[in-house]
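Written out below as structure tokens is the structure these notes cover.
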Amino acid sequence: MERRQFLSLGALSLLGWRRLAAAAAIPRIVGAQIGPGIRVPGLHGDTWTTTWADDDQVYAVADDCFGLKAHPINSNLALFRLLGSPPALAVETVNPMTAFGKLTSLLADGASWKGSGLACIDGVLYLAVSRHHYMEAQSDWIQQSWDATIIKSEDHGRTWSAAPALDRAMFPGRIFANPYFVQYGRDGAAGPDASDRYVYAVSNDGDWNNGNWMTLGRVRRDRIGRLDPADWEFVHGLDAGHRPKWGPRHDNALATFRAPGRTSMTGVQYLAGLGVYVMPQWHYPDLGDPVPEKRWQTTRFELYRAPAPWGPWTLFHSQTFSPQGYYNPGIPAKFIREDGRRFWLIASGDFYPSPAGNPYYTINQFPVQLELA
């Protein structure tokens, strides 16, 4: 028994050293150059969370949108297809998602439906939706969210599973209220960290903007389609080797990322060429300004890197944008160069005072080049 234990400990130690050696070999990202934003004309909406599907198309969910000027819709959230490549993206409407209401329409709880994470896993689209209470002075100009549910489409967004009832959320409450799926590549392509067997998702603590921390959950790839919250588990601790301890409850999960007041809705992209995870965070640094337009016309992107979805996360770039107020940055997996050093980032733009007349309230495309040590 003692010999077997010794050999087992030795094998674990060897695996640990190999993981450390592999991590040491990964190029260290020390900065980034973000080029000027290039707008997609004739388009109205925000968030623009993307996924690269099995049909080689990039799909995006947008909130509070009229969509294309040439073929307008009126939606709290809607699904689109992005055609071509940056900086010349074109957009077409897939589904206005009328079951989730018209732009800014509210239900009995005083909130509206909004989308967050979108993923294509083995040919099926999965979309996280939740309830959002629009920002106001009483909430310190922070848009609160709660009660997330994942819905699915087996025909690339043309039809979806039923919209959830208000009291039947998969993940009730404000913890894990904005799940964003960790993206690896086309059709949920597998990467490291058991992503061939699990689908990971991150969420902040129930705020669209200027939240405080994030949690991490996962579900077995062969069970995600059941849409059963009992299939999910969450990080409840980290061992001495910074490996996660998983547990069944989302409402008391460990914060795997923490930046008080600077943790907004966003996702995580794995850069296979560099063997590293990147999270494009953002927030409004001037919410306390008495001049309304100044609150929304200045935003700050903060780019983080990590060796695993559970961190540890290291800030490597910060950049302020004014007066465009860019927000909800994301990295479409299809538009990443093979070596991982260059990619396109897309983001929404200033919504104040009227999205209908604001040229930045559309998809804004940014070329990004990472700086390595």
Side-chain angles (χ1 to χ4, degrees), residues 45-65 67-68 71 73-83 89-103 112-132 147-166 168-171 176-190 195 198-201 203 217-229 231-232 265 267 328 330 332-334 346 363:
D46 69 1
T47 67
W48 301 107
T49 306
T50 66
T51 191
W52 187 8
D54 61 309
D55 60 359
D56 201 35
Q57 301 296 314
V58 175
Y59 292 86
V61 60
D63 292 337
D64 290 330
C65 57
L68 297 163
H71 304 284
I73 59 175
N74 186 344
S75 299
N76 266 330
L77 64 95
L79 185 75
F80 298 85
R81 188 181 291 113
L82 308 188
L83 307 175
L89 282 176
V91 178
E92 66 179 17
T93 306
V94 176
N95 191 329
M97 307 292 277
T98 56
F100 294 91
K102 295 182 179 181
L103 188 151
S112 65
W113 286 111
K114 296 290 175 279
S116 50
L118 178 67
C120 185
I121 308 295
D122 301 326
V124 179
L125 291 180
Y126 296 92
L127 171 63
V129 298
S130 54
R131 306 297 295 152
H132 281 242
D147 287 4
T149 295
I150 296 172
I151 60 174
K152 70 177 182 179
S153 171
E154 298 179 348
D155 55 9
H156 295 109
R158 290 186 291 276
T159 61
W160 291 84
S161 55
L166 293 187
R168 293 290 185 271
M170 283 180 64
F171 306 109
F176 212 66
N178 304 306
Y180 273 72
F181 301 98
V182 177
Q183 305 279 341
Y184 289 88
R186 180 177 176 178
D187 195 27
S195 55
Y198 291 95
V199 176
Y200 294 97
S203 173
R218 72 177 185 180
V219 62
R220 274 177 39 179
R221 190 182 185 110
D222 61 352
R223 291 188 179 182
I224 184 174
R226 292 162 31 132
L227 305 181
D228 187 344
D231 292 330
W232 284 75
M265 277 177 46
N328 279 119
K334 187 175 182 179
I346 67 172
I363 292 178

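In this text the structure is predicted, and so the values were computed from the model without any measurement.
- Partners of K152 by salt bridge (Lys or Arg N to Asp or Glu O under 4.0 Å), not counting sequence neighbours, listed by chain and number: E154.
- Contacts of N74 classified as side chain to side chain contact (heavy atoms under 4.5 Å, CB included), with partners at least two apart in sequence or in another chain: F66, K102, L103.
- For residues 157-166, the set of pairs meeting the side-chain hydrogen bond (donor to acceptor under 3.5 Å, both in side chains) definition, not counting sequence neighbours, comprises D155-T159.
- Residues satisfying the side-chain hydrogen bond (donor to acceptor under 3.5 Å, both in side chains) criterion with R226, sequence neighbours excluded, are D231.
- Shown here are the side chain to side chain contact (heavy atoms under 4.5 Å, CB included) partners of A333, two or more places apart in sequence or in another chain: W52, Q269.
- Partners of Y126 by side-chain hydrogen bond (donor to acceptor under 3.5 Å, both in side chains), not counting sequence neighbours: none found.
- Within the 4.5 Å cutoff, the side chain of L127 has no heavy atoms near those of the L79 side chain.
- L68 meets the side chain to side chain contact (heavy atoms under 4.5 Å, CB included) test with L43, V91, T93; sequence neighbours excluded.
- In this structure, K334 contributes its side chain and Q57 its backbone to no donor-acceptor pair below 3.5 Å.
- By the side-chain hydrogen bond (donor to acceptor under 3.5 Å, both in side chains) test, T51 is found to be paired with Q183, residues two or more places apart in sequence or in another chain being considered.
- Identified under the salt bridge (charged side-chain N to carboxylate O under 4.0 Å, His left out) test for residues 113-127, with sequence neighbours left out: D64-K114, D122-R221.
- For Y200, the ring-ring contact (aromatic ring centres under 6.0 Å, His included) test picks out no residue, with sequence neighbours left out.
- Aromatic ring orientation, F100 versus W113: perpendicular (interplanar angle above 60°, classes split at 30° and 60°).
- Taking S130 as the reference, H132 meet the side-chain hydrogen bond (donor to acceptor under 3.5 Å, both in side chains) condition, with sequence neighbours excluded.
- Checked by atom type and distance alone, the side chain of N95 pairs as donor or acceptor with a backbone atom of G157 at under 3.5 Å.
- Under the salt bridge (Lys or Arg N to Asp or Glu O under 4.0 Å) criterion, D54 pairs with no residue at all, not counting sequence neighbours.
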